[in-house]
Amino acid sequence: MTWQYHHGMASVIQSKRDDQQIISFNPATGEEVGRVPQLSAAEVLAAVDRSREAFHKWKTTSFRERRALVMKAREVILTQLDEIAHLISAESGKPFGEAIAMEIAPVLDLMQHFARSAERMLKPRRINIGLYATLGRYSKIVYHPLGVVGIIPAWNYPFSIPLGETAMALMAGNSVVIKPSELTPFVGLQIGEIFERAGAPADLVKVVTGDGRTGAALVDAIPDKIMFTGSVATGKTIASAAAKNLIPVVLELGGKDPMIVFDDANLDLAAGAAVWGAFCNAGQSCSSVERLYIQEGVADKLTKLIVARTRELKQGRGDREDVSIGAMSSERQLRIVEDHVNAFREAGAKIEIGGRVGIADRGVRSADSVRSKSDGAIENEGIHDQLSAISNLFFEPTVISGATNDMRPMQEETFGPTLPIATFKTEEEAIRLANDSEFGLTASVWTRDYAKGRRVAEQIEAGSVCVNEVLYTHGIGQTPWGGFKNSGRGRTHGLEGLMELVQPQHIHVNRVAVLPDAWWMPYSPTAVETFRGFAKYFATGSIRKISLLLPQLSKRIRELLKGG
Ligand code: NAD
């Protein structure tokens, strides 16, 4: 059976699954994108076995060959730029232009960077071993690939995250098995096709479709590394399943990212940044602005600027170029947003704009038009009879003032188009409020005083902190990406991310191997006296002090030579 894109109206419930297949839907229209198989554990195991065979050949390739493949894959992407962007938009609901700006362009940059730089970054290097060098030894580090890297991504950046990790893994000499999110399986399959068209050896990049069960089967198939992106709950499940076989895991988890605006900030810029940071990808970015803290004196002014900018935004189908905010990617996510907005209301916060499911009047389609279309489709499509219908998967961009940290949705990840605003008086209070979270992925600080910006940034518990910028640093593949606290473990991107994909090996060489080492057996009173000398003189790292040890050292060596 072939698994192809399929068009036709259906329910707006996305990715209905049964035991054999997953149906992927466009969340903005309810159209079926297509169906993919739900692969069994045995099929996943077979894929990992074939991937391991491919790895044994790929690990012997030169950096030049690896670079050629990754650069060719870039070319393939560029020849299909709009097609890929439309597919990303269709499966996730995000605007087509945003798919180019926030997924395709950054990952192309990441690919060229690692294609060109991985060889230099992974070059064997000498280590300074201090006084051991005076004994005629040297040490170097060489980097080996790990083997099969299993990539289990989320649905919110379904192209750039797994593709970036794939390119890095390949440059390090690994093979890859991707288990895309069940909400975006065709984008995952697209990554496999790109490498196939670029001429990758068979089985080097494999894609196994399915839901969490397929992901669990991938972990149980014992790959050599798991790169996981998703929720904290699934991250914990995967970490514990991986621990059974001691599989190393990188976890890129949730965020509740704060933006702090001091009263000396450029408020126009801060307003634009807050709106983009909170609402791009309909707020479904792990690093989106989830909490805005404004210094009291400018809170009213900045809130008004933000509301005015929000009012201008068009919301609608992602395939329209004038749309800024698309649909939420799933009903589940929409319900979380609805629950959080209701919780804010009940706790006494004020909804300044938005707050409802559907598209506001300023939008390009009315909620009713979406509702009637999808309802009609359900009546016409027998296979979807059992799917429960919802009106649509749009949620208005929502600005909320009067939020405080003790309100539940200021602690839980919302992952939707909401921008709750709280106020603070002092620098210390801003830092305390920002750090009052189980998460620590990113944060941003806005001020014209750069020294203050850097000082505050360094006190925030988050993996990446921007001063006068927001959200986009995942797009800088040269820099490490990862979270503090419950936002994750390990890093992707940057040198630190590349190091997650290799096995460092220490090679230690004694170039003057003519004498025994003073610490060898048999031990004796002379040996013990020498060991005292090691503690007192050698372990100081001082050449002058080690010279005081030389008479005792030569006595000990003579003793060992006589004994030998
Ligand atoms: P999720 O945890 O529900 O699913 C993520 C992936 O794990 C999917 O492919 C899913 O099929 C798979 N999976 C589910 N159960 C599994 C299991 N038992 N074993 C193996 N795989 C399993 O997350 P989601 O809803 O897809 O993504 C949203 C979350 O991702 C948010 O919390 C968001 O903040 C986070 N995220 C983090 C980053 C980051 O870089 N830190 C980036 C993007 C998204």
Side-chain angles (χ1 to χ4, degrees), residues 14-15 17 22 24 36 38-39 41 44 91-92 102-103 106 150-162 164-165 177-185 187-188 207-221 223 226-242 244 247 249-257 281-288 290 328-337 412-416 437-442 462-464 471-475 477 479-493 497:
Q14 211 189 0
S15 287
R17 37 198 143 125
I22 286 178
S24 169
V36 296
Q38 161 80 33
L39 292 188
V44 173
E91 278 206 308
S92 67
M102 292 198 62
E103 295 224 49
I151 299 178
I152 306 179
W155 41 264
N156 61 338
Y157 288 91
F159 190 67
S160 56
I161 291 179
E165 290 171 357
V177 179
I178 304 170
K179 200 301 284 177
S181 167
E182 54 272 41
L183 294 182
T184 51
V187 177
V207 181
V208 292
T209 53
D211 59 17
R213 291 168 293 178
T214 313
L218 178 54
V219 178
D220 289 343
I226 297 283
M227 303 294 288
F228 171 73
T229 309
S231 60
V232 174
T234 311
K236 286 181 180 172
T237 305
I238 288 181
S240 103
K244 279 186 269 167
I247 305 168
V249 185
V250 167
L251 302 172
E252 296 293 352
L253 309 177
K256 191 74 194 170
D257 299 357
N281 203 19
Q284 300 166 116
S285 303
C286 47
S287 51
S288 66
E290 290 245 341
M328 308 282 309
S329 295
S330 71
E331 183 191 359
R332 190 174 147 265
Q333 204 53 51
L334 181 97
R335 295 298 166 220
I336 295 171
V337 177
E412 296 173 3
E413 186 181 43
T414 306
F415 223 52
S437 172
E438 65 167 296
F439 296 108
L441 189 57
T442 78
S464 302
L471 182 124
Y472 84 114
T473 56
H474 187 270
T479 60
W481 178 263
F484 286 14
K485 303 196 272 189
N486 274 356
S487 285
R489 294 290 180 273
R491 291 295 179 269
T492 58
H493 297 185

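Order of appearance sets the numbers: ligands from 1, and atoms from 1 within every ligand. As the structure is a prediction and not an experimental result, all values here were calculated from the model.
Remark: D220 engages no residue in a side-chain hydrogen bond (donor to acceptor under 3.5 Å, both in side chains) (not counting sequence neighbours). The side-chain hydrogen bond (donor to acceptor under 3.5 Å, both in side chains) check on S231 picks up T234, with sequence neighbours excluded. Applying the side chain to side chain contact (heavy atoms under 4.5 Å, CB included) criterion to H493, with sequence neighbours excluded, gives L110, M168, H474, W481.
Between S285 and Y157, the side chains place a donor N or O and an acceptor N or O closer than 3.5 Å (distance only, hydrogens not considered). Inspection of the E103 and S160 side chains reveals an N or O donor paired with an N or O acceptor under 3.5 Å. A side-chain N or O of N486 and one of E438 form a donor-acceptor pair less than 3.5 Å apart.
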Between the protein and ligand 1, which nitrogen or oxygen pairs come in under 3.5 Å, and how far apart is each?
residue, atom, partner, partner atom, Å
ligand 1, 2 (O), S231, N, 2.9
ligand 1, 2 (O), S231, OG, 2.7
ligand 1, 2 (O), T234, OG1, 2.7
ligand 1, 9 (O), P153, O, 2.9
ligand 1, 9 (O), K179, NZ, 3.1
ligand 1, 11 (O), K179, NZ, 2.7
ligand 1, 11 (O), E182, OE1, 2.6
ligand 1, 19 (N), A216, N, 3.3
ligand 1, 23 (O), S231, N, 3.4
ligand 1, 25 (O), W155, NE1, 2.9
ligand 1, 26 (O), W155, NE1, 3.1
ligand 1, 30 (O), G230, O, 3.3
ligand 1, 32 (O), E413, OE1, 2.6
ligand 1, 34 (O), E413, OE2, 2.6
ligand 1, 40 (O), W481, NE1, 2.8
ligand 1, 41 (N), L253, N, 3.3
ligand 1, 41 (N), L253, O, 2.8

